[in-house]
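Please read all numbers here as calculations on a predicted model, not as lab measurements. Residue numbers begin at 1 in each chain, while the letters A, B, ... track the order of the sequences.
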There are 2 protein chains.
Amino acid sequence: MNSPDAFNALCPTRQILDRIADKWTVLLLGLLAGRTMRFNELRRGVDGLSQKVLSQTLKSLERDGLVTRAVYPTVPVTVEYAITDLGRTLAATLEPLRLWAESHMNVIEQARADFDRRQQAAA
Amino acid sequence: MNSPDAFNALCPTRQILDRIADKWTVLLLGLLAGRTMRFNELRRGVDGLSQKVLSQTLKSLERDGLVTRAVYPTVPVTVEYAITDLGRTLAATLEPLRLWAESHMNVIEQARADFDRRQQAAA
DNA sequence: CAGTATCCACGTCGATACTG
DNA sequence: CAGTATCGACGTGGATACTG
């Protein structure tokens with residue numbers, strides 16, 4: 001078969017899936033879907049995200065055409081990150097994922113506790 | 001604030017998001033949503049996935065209550081992995097993501113090429 | 001403010017070998 | 001068949017320091 005097949009490592013779809021199946025992408029696009037934000041704003045907005053990784057992630061998001069980066073020659077310099085139309089369609093697809101996580105976390109934590117208890121009992 | 005907030009690293013939602021924002025989860029649940037499968041079947045089904053990582057991933061999927069693991073005392077032993085109802089709701093949320101990747105890969109590859117060309121020109 | 005550069009600790013992954 | 005155990009290579013990420 002020649003149709004896109006995410007299960008085949010050679011398929012470009014897989015590269016893209018690898019790319020978007022990344023927690024920072026989900027969170028950053030989620031923020032930028034709300035409004036345009038500046039670098040340190042994003043940094044503060046996502047807890048636990050280091051400056052280095054934020055920088056890397058934004059660069060690849062820009063490369064993929066999901067966000068734009070605008071530099072304003074103020075002093076000090078102002079940089080604004082905005083989501084693109086393409087990025088917005090992805091953010092829309094990602095949103096249900098975050099909602100799923102939020103609404104099912106209790107069930108999953110329970111499942112984990114049960115599993116760990118069974119493991120404990122078996123050992 | 002005490003409501004679920006995926007942007008806060010301390011929130012359990014974040015752990016779950018980290019967990020499901022994983023490429024193997026997406027692909028494995030996608031396969032198991034179709035039908036119950038055996039270990040080596042899954043291994044063959046997902047290109048580039050090593051035995052070790054498959055084993056780890058399945059274990060954590062089981063721990064989270066997303067798949068079940070059934071052992072049949074045949075010779076040699078038969079192990080079947082099946083998606084749970086919970087897993088099915090997640091798979092359903094994940095499906096649009098794969099479709100998005102498949103339908104937008106051309107645009108993204110173009111964006112990457114453009115970006116790289118601009119970088120090249122700037123350097 | 002918005003990064004880049006460097007170093008290093010860490011974990012993860014693939015390859016290989018072995019088991020019930 | 002369905003794993004586990006071990007090892008070594010590798011890359012990613014955090015901390016820190018510096019720059020326009």
Side-chain angles (χ1 to χ4, degrees), chain A residues 8-10 14-15 17-28 31-32 35-63 67-83 115 118-119 122-123, chain B residues 8-10 14-15 17-28 31-32 35-63 67-83 115 118-119 122-123:
Chain A
N8 180 349
L10 299 176
R14 209 15 210 285
Q15 297 171 28
L17 197 55
D18 290 359
R19 169 74 187 68
I20 64 187
D22 163 64
K23 58 180 174 177
W24 303 127
T25 294
V26 180
L27 296 170
L28 288 176
L31 278 178
L32 291 174
R35 63 177 176 87
T36 293
M37 291 176 83
R38 299 176 61 179
F39 186 85
N40 281 318
E41 249 184 324
L42 289 166
R43 183 155 156 57
R44 284 187 297 270
V46 181
D47 202 82
L49 175 55
S50 73
Q51 186 183 38
K52 180 181 173 181
V53 174
L54 173 59
S55 174
Q56 290 172 348
T57 307
L58 285 173
K59 196 173 294 179
S60 72
L61 285 172
E62 187 196 359
R63 185 169 106 101
V67 306
T68 57
R69 177 177 181 276
V71 183
Y72 301 100
T74 53
V75 179
V77 64
T78 301
V79 180
E80 287 196 337
Y81 290 90
I83 197 168
F115 183 90
R118 283 198 304 274
Q119 292 301 98
Chain B
N8 180 349
L10 300 175
R14 211 10 212 288
Q15 298 171 27
L17 197 56
D18 290 358
R19 170 72 187 70
I20 63 188
D22 163 64
K23 58 179 174 181
W24 303 128
T25 294
V26 180
L27 296 170
L28 288 175
L31 279 177
L32 291 174
R35 63 177 176 85
T36 293
M37 292 177 83
R38 299 175 59 180
F39 187 84
N40 281 318
E41 249 184 323
L42 289 167
R43 183 154 156 57
R44 285 187 297 270
V46 181
D47 201 82
L49 175 54
S50 74
Q51 185 184 38
K52 181 182 172 180
V53 174
L54 173 58
S55 173
Q56 290 171 348
T57 308
L58 285 173
K59 195 172 294 179
S60 71
L61 285 172
E62 187 196 359
R63 185 169 107 102
V67 308
T68 56
R69 178 178 180 275
V71 184
Y72 301 100
T74 54
V75 179
V77 63
T78 300
V79 180
E80 287 195 336
Y81 290 91
I83 196 169
F115 182 89
R118 282 198 304 275
Q119 292 301 99

Please say which of A:Leu54, A:Leu61, A:Val53 ends up in a side-chain contact (heavy atoms from CB on, under 4.5 Å) with A:Trp24. A:Val53
Select base, sugar-phosphate, or nothing to describe what [X] touches, counting heavy atoms under 4.0 Å on all strands.
{"X": "A:Val53", "value": "sugar-phosphate"}
{"X": "B:Arg43", "value": "nothing"}
{"X": "B:Tyr72", "value": "nothing"}

With pairs taken as Watson-Crick or G-U wobble and both distances under 3.5 angstrom, which stems of at least three consecutive pairs involve DNA chain C? C:1-20 with D:1-20
Straight-line distance of A:Lys23 NZ to B:Leu17 CG, nearest 0.5 Å: 9.0 Å
Would you say [X] and [Y] make side-chain contact, with heavy atoms under 4.5 Å?
{"X": "A:Leu42", "Y": "A:Leu58", "result": "yes"}
{"X": "B:Leu28", "Y": "B:Val67", "result": "no"}
{"X": "A:Arg19", "Y": "A:Arg63", "result": "no"}

Can A:Glu62 and B:Arg118 be counted as an ion pair, charged N to O under 4.0 angstrom? no
Return the 5'-most residue of the pair B:Lys52, B:Arg38 with respect to DNA chain D, ranking by each residue's nearest nucleotide. B:Arg38
Which is more 5' along DNA chain D, the nucleotide nearest B:Gln51 or the one nearest A:Gly48? Just name the residue. B:Gln51
Where is the tightest heavy-atom contact between A:Glu41 and A:Arg38, given as atom of each residue plus distance? OE1-N, 2.8 Å
So which atom in A:Ala82 and which in A:Thr36 form the shortest heavy-atom distance, rounded to 0.1 Å? CB-OG1, 3.4 Å
Check every nucleotide of DNA chain D for an atom under 4.0 Å from a heavy-atom of chain A, then give the first and the last such nucleotide from 5' to 3'. D:dG13 to D:dG20
Phosphate OP1/OP2 of C:dC13 contacted by B:Gln56 side-chain N/O (<4.0 Å): yes
